[in-house]
Amino acid sequence: MSVYQWERRQQAIERQQAERERLCRITKDEDPRKEELCRGVESEKD
């Protein structure tokens with residue numbers, strides 16, 4: 001795997017994580033998807 005490929009992969013992962021955090025913040029507590037979206041979001045802030 002080249003450095004270029006690794007960087008592209010890292011950027012994609014970071015974008016997906018940022019999108020999950022955004023969805024976690026805007027999803028209402030009563031939405032059944034919220035727990036799934038927020039899983040692993042808060043815990044990585046330690």
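Position 1 is the first residue of the sequence; numbering continues from there.
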Lys34 side chain vs Asp29 backbone, donor-acceptor pair below 3.5 Å: no
Interatomic distance, Thr27 atom OG1 to Leu37 atom CG [nearest 0.5 angstrom]: 5.0 Å
Short side-chain to backbone donor-acceptor contact, Arg20 and Arg39, under 3.5 Å: yes
Approximate separation, where rounding is to 0.5 Å, of Gln11 CD and Trp6 CH2: 9.5 Å
More than 12 heavy atoms of other groups within 6.0 Å of Glu19 CD: yes
Main-chain N/O of Arg33 paired to Glu36 side chain as donor or acceptor, under 3.5 Å: no
